[in-house]
Every structure is written in C-alpha cells, then in structure tokens.
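Only one structure is covered here, and it is reproduced in the block below.
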Amino acid sequence: MYQAPRGTADILPEDQPLWSFTAAAVTQAAYVHGYRRIDTPIFEETGLFLRTVGEETDIVQKEMYSFDDRGGTNITLRPEGTAAVSRAYLESSMHNQAQPVRLFYLCPMFRYDRPQAGRFRQFHQFGVEAIGDTNAAVDLEVIQLAMDTMRRLGLGGMKLLLNNIGDAADRPRFIEALQEHFRPHISHLGKDDRRRFDTSPLRLLDSKELSAESFMYDAPKSTDFLGGEAQAHWDELLAYLNDLQVPYVIDNKLVRGLDYYTRTVFEVHPDREGAQSAVCAGGRYDGLIEQLGGKPTPGIGFAAGIERLILNLREQGATAGIVPPAPIVIAYSGTKAKAKAAGIATELRAADVAAVLAPERSMKAQMRYASSIGARTVILLGPKELENGVATVRDMETAEQKEEPQTRLLESLSN
RNA sequence: GUGGGCGUAGUCGAGGGGUUAAGACGCCUGGUUGUGGCCCAGGAGAUCGAGGGUUCAAUUCCCUCCGCUCACCCCA
C-alpha cells in the first residue's frame with residue numbers, strides 16, 4: 001500500500017468545509033485592504049531562493065526540495081512566497097504600475113523538515129506583499145491586514161509581537177555590539193549558537209537554549225541602533241498603532257530566520273504555549289528587489305500558515321465551515337426507470353441542481369444510500385410513475401411525498 | 001540531523017507463547033408485496049507494521065528496520 005509521502009496529507013472531503021471557510025476569510029481580508037491575487041509557479045530556479053532567503057539560513061541549508069530538471073536547470077519547489085512574488089514584480093515590470101503594488105497569494109509551499117504538529121513538508125500559506133512604498137502607513141496596513149485576517153477567521157487571543165531590526169546600513173554596528181556582548185559568554189554557548197555567533201549573530205537573540213541565561217536580559221537591542229530614517233519610520237508606525245489602539249508587544253528578541261528582512265518585523269501568536277506557535281509572520285524587505293537586479297524598491301509583507309490557522313480554529317472548537325449541499329438522489333426500479341432517471345439527472349444538473357443516481361440496488365438500499373449521504377430530497381421513479389409521466393418527490397426530513405409531472409420537476413424542487 | 005511515545009480489520013479498541021484473535025462504529029444484505037434514519041438478524045473485512053532471532057510453537061519475548069506521532073533545531 002502506498003501512503004502519502006512523509007509530511008504531506010490529503011485534504012479529505014470532510015476537511016474541505018474548514019478549508020473553504022479559511023480560504024474565503026483570508027481572501028476577503030486581502031480584498032478589503034486592496035490586495036489582488038497572484039499565483040506564481042510551484043517551482044523556481046534554485047538561485048532565486050539562494051540569493052534572497054540567504055545561503056546561511058536553515059531553509060537553504062537543509063530544507064529545500066531541489067533537483068536538476070531534464071534540461072540541467074536546478075529547480076526548487078518554492079519554500080516561501082516573497083522571493084517568487086518579487087521575481088514576478090520585476091519580470092512583469094510592475095514598477096510601472098501605481099505604487100505600492102498590493103498582492104496576495106494562497107498556495108502550497110515545500111520544506112524538507114521533520115514533520116510535527118502544525119508543521120508539514122507540503123503546507124499552505126496565505127501571504128501578502130505591498131511593494132514600492134516605504135511609508136510607515138503601509139507597515140500599519142499590512143499589520144492590520146494580518147490582524148483582520150485573524151478577526152475574520154474568528155481566532156481570538158492572538159498576540160502581535162513587533163520589533164525593528166533596522167536597515168542594512170545599521171546592521172554592522174548592531175552586529176558588532178551583539179558580538180561584543182556575547183563574546184565574554186562564548187564558552188556558555190552551545191555548538192549551534194557558537195556557529196551563529198559568526199554566521200548570523202542576530203539569531204543568538206531568539207535562541208531558546210540561551211533564553212534563560214542572565215546575559216540575555218541586557219543584550220543589545222536592535223531598536224537602539226536605528227539610523228535616522230529608520231528611527232522616524234519606527235516612531236511613526238508605533239504612533240499609528242497607539243492612535244488606533246492596536247494591541248502589540250515589542251519583542252526585541254524577535255528576529256526573522258530569513259536574511260532579507262529590514263526594519264519592521266512581526267509575528268502573530270496564539271496565547272497558548274506550544275511549539276510552532278507562530279501562525280503568521282512577516283516584515284519589511286527594503287533591499288530584496290534591488291538584490292534581484294531591480295531598482296531599489298521597498299517592500300513589506302507577511303505569510304500565514306493555513307494548516308496552523310486551521311489547527312487553532314479546531315482548538316477553538318470550530319467545526320462548520322462552508323459545506324456544499326448534498327445532491328438530490330434519484331432512485332429507480334426497473335431498467336426503463338433507470339434510463340429515465342439518468343435523463344432527469346441530466347436536466348437537473350443543467351439547471352445547476354446537484355443530482356446523483358442511486359446505486360443499482362434494492363429500493364430499500366437506495367433509500368439507505370440517500371439517507372446516509374444526507375440527501376434532503378429523493379426523486380423516485382418506478383413502473384407506476386413511468387406509466388403516468390410523473391415522479392415521486394420525497395422530502396427526507398418530513399417523509400412527505402407527492403407526485404409531480406416529470407416536466408414540472410424543476411419548479412416543484414425550487415420551492 | 002537528535003530524542004521520547006506508539007504501531008491488532010476502514011476507524012476506535014480488548015486480548016494473549018500453542019486448535020476458529022473479542023467488542024463497538026462504519027460498510028454490505030435481509031426482516032415478503034417499489035421507500036431511509038430506530039430496532040432485529042446475517043455477512044464481508046486482520047498475512048496482529050516488515051525482516052530476523054529465541055522456542056517444539058510467536059501476533060504475544062528479544063533485536064533491527066520501516067511507519068505514525070510528539071518534541072528539539074528551525075519555521076508558517
């Protein structure tokens with residue numbers, strides 16, 4: 001027996017109502033903020049991710065699904081959305097459109113990781129990108145869009161964590177300060193953290209291994225190293241959030257695992273404790289487009305994990321979602337009636353009424369079938385009905401039946 | 001890559017070194033004259049995750065592997 005590959009899962013019919021609901025909610029959140037949908041290919045040239053996500057990141061180091069295609073091009077199943085959307089922005093010359101360009105996506109991502117609760121090798125992200133405007137009002141908008149998404153989903157108790165890691169130009173001074181701070185404690189660092197000390201010192205800040213260490217409390221804060229413009233931008237954003245009474249928590253330990261982030265970074269977490277708790281994360285990436293060969297172009301966005309959103313919805317007891325109605329079942333006895341039943345099914349479907357034939361079994365079994373798939377109406381055809389040109393219409397909830405002329409079936413069903 | 005837990009029919013789940021491995025749900029059939037949900041009866045469905053070892057004998061004990069799952073790392 002074949003099984004779905006490790007870390008993947010079928011989204012079964014019974015799962016679909018919650019998925020549809022989630023997709024509809026996030027899409028609506030994006031629309032009311034003026035974002036338009038974009039779909040990019042599932043795979044890209046590997047170099048795109050190497051360049052943007054960062055050679056030293058875990059995503060690139062150990063999580064990418066990469067392979068040479070038959071033409072010898074190295075291909076990678078996309079592990080995240082921002083790089084691909086930025087590529088599309090450049091490729092379609094969206095800088096010629098009114099700025100900022102507001103885009104969103106809802107699609108599968110791939111990361112070769114050990115699966116666990118809320119983490120999969122193929123998973124889905126809802127993400128938004130606002131490209132071409134550095135204004136703090138756009139940061140506000142993106143953050144509000146993230147929180148509005150939670151609200152529309154009905155997810156309560158979501159916490160907004162916020163930080164500012166400064167511009168690329170501010171980074172060297174901050175990194176220097178970090179290394180200076182940690183250098184005396186380097187003997188306390190584990191193997192991984194010692195490597196980070198050199199390769200990505202920012203990540204020392206969110207090391208869980210060190211989180212209890214006393215020297216973490218007075219570690220340098222990125223917000224103390226902001227340049228003039230970044231500082232003004234940060235102050236402006238915080239002022240907006242305060243004015244609009246958007247609750248947030250500044251977390252100076254919050255740094256992102258992807259290299260392209262600048263200035264604003266944020267995450268949304270549920271209140272509960274637990275692993276992989278971030279349901280949504282993002283930030284500004286003012287250097288990314290330029291790094292891909294475009295003119296210097298600012299951008300900001302976030303991505304939310306659909307599976308994690310749904311996990312939280314389930315934990316909060318959500319069940320319903322968008323459930324398509326069960327089809328009308330057409331039961332029959334006799335071969336002539338069977339042919340007539342097929343004809344009626346065809347007519348109903350042409351009028352957008354969902355209909356299926358009952359399986360060819362005893363009348364009792366056909367009714368059982370109708371009942372078990374939740375049909376609200378059964379149309380019954382037998383020799384008696386055929387003779388009179390009628391069909392028996394049975395309401396499965398009230399058990400009431402009436403005969404209708406076969407020519408008037410549609411009208412009688414619509415009331 | 002590392003560590004913990006688990007692996008008996010579609011699902012849940014009892015059991016035990018030795019002739020036919022419980023039960024429940026689900027599925028199928030029937031309970032007469034063409035009709036569901038309840039009830040009753042019957043039926044199908046399990047090489048007890050795989051391989052090896054111990055033993056006269058293992059699904060039950062031991063080992064390895066595989067899978068699932070949770071956690072670490074990291075991330076949505």
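Chain letters run A, B, ... following the sequence lines, proteins first, then strands; residues in each count from 1.
A/Y285 and A/E129 make their closest contact through OH-OE1, 2.5 Å (heavy atoms, listed as atom of the first residue, atom of the second, distance). Nearest heavy atoms, A/R284 versus A/N135: NH2-O, 3.6 Å.
When heavy atoms are screened at a 4.0 angstrom cut-off, A/Q61 is found touching no nucleic acid atom at all. A/S362 comes within contact range of the sugar-phosphate backbone alone, with a heavy-atom separation under 4.0 Å but no base atom that close. A/A375 comes within 4.0 angstrom of nothing in the nucleic acid, heavy atoms only. Nucleic acid contact for A/R111: base, since at least one base atom lies under 4.0 Å from a heavy atom of the residue. A/L381 comes within 4.0 angstrom of a nucleotide base, judged by non-hydrogen atoms across all strands. Within the nucleic acid shown, A/Q3 comes within 4.0 Å of sugar-phosphate atoms alone, with no base atom in reach, counting heavy atoms only. Within the 4.0 angstrom heavy-atom criterion, only backbone atoms of the sugar-phosphate kind lie near A/A281; the bases stay farther away.
Contact between the side-chain N/O atoms of A/Q116 and the OP1/OP2 oxygens of B/rA71 is found at a separation under 4.0 Å. When the side-chain nitrogen and oxygen atoms of A/R114 are compared with OP1 and OP2 of B/rC73, none of them lie within a distance under 4.0 Å.
Judged by atom type and distance alone, A/R368 does not reach the base of B/rC27 through any side-chain donor-acceptor pair under 3.5 Å. A donor and an acceptor atom sit less than 3.5 Å apart, one in the side chain of A/Q401 and one in the base of B/rU35. Residue-to-nucleotide contacts include a donor-acceptor pair under 3.5 Å from the side chain of A/R394 to the base of B/rG36.
When ring centroids are compared, A/Y65 and A/F43 stay outside the 6.0 Å threshold. The six-membered or imidazole ring of A/F174 lies near that of A/F225, with a centre-to-centre distance under 6.0 Å.
Atoms CD (A/E385) and P (B/rU35) sit 12 Å apart, rounded to a whole Å. One interatomic measurement links the two molecules: OH of A/Y261 to P of B/rC75, which rounds to 10 Å at whole-angstrom precision. For the pair A/E400 CD and B/rU35 C1', the computed distance is 15 Å after rounding to whole Å. Following rounding to the nearest Å, A/M363 (CE) and B/rU33 (P) show an atom-to-atom distance of 12 Å. In this structure, CZ of A/F120 is placed 13 Å from C1' of B/rC68, rounded to the nearest angstrom. One can place NE2 of A/H124 at 22 Å from P of B/rC75, the figure rounded to the nearest angstrom. For A/K364 and B/rG30, the NZ to P distance is 8 Å, given to the nearest whole Å. For A/I373 and B/rG26, the CD1 to P distance is 17 Å, given to the nearest whole Å.
Between A/E411 and A/R408 there is a salt bridge, with a side-chain nitrogen of the basic residue lying less than 4.0 Å from a carboxylate oxygen of the acidic one.
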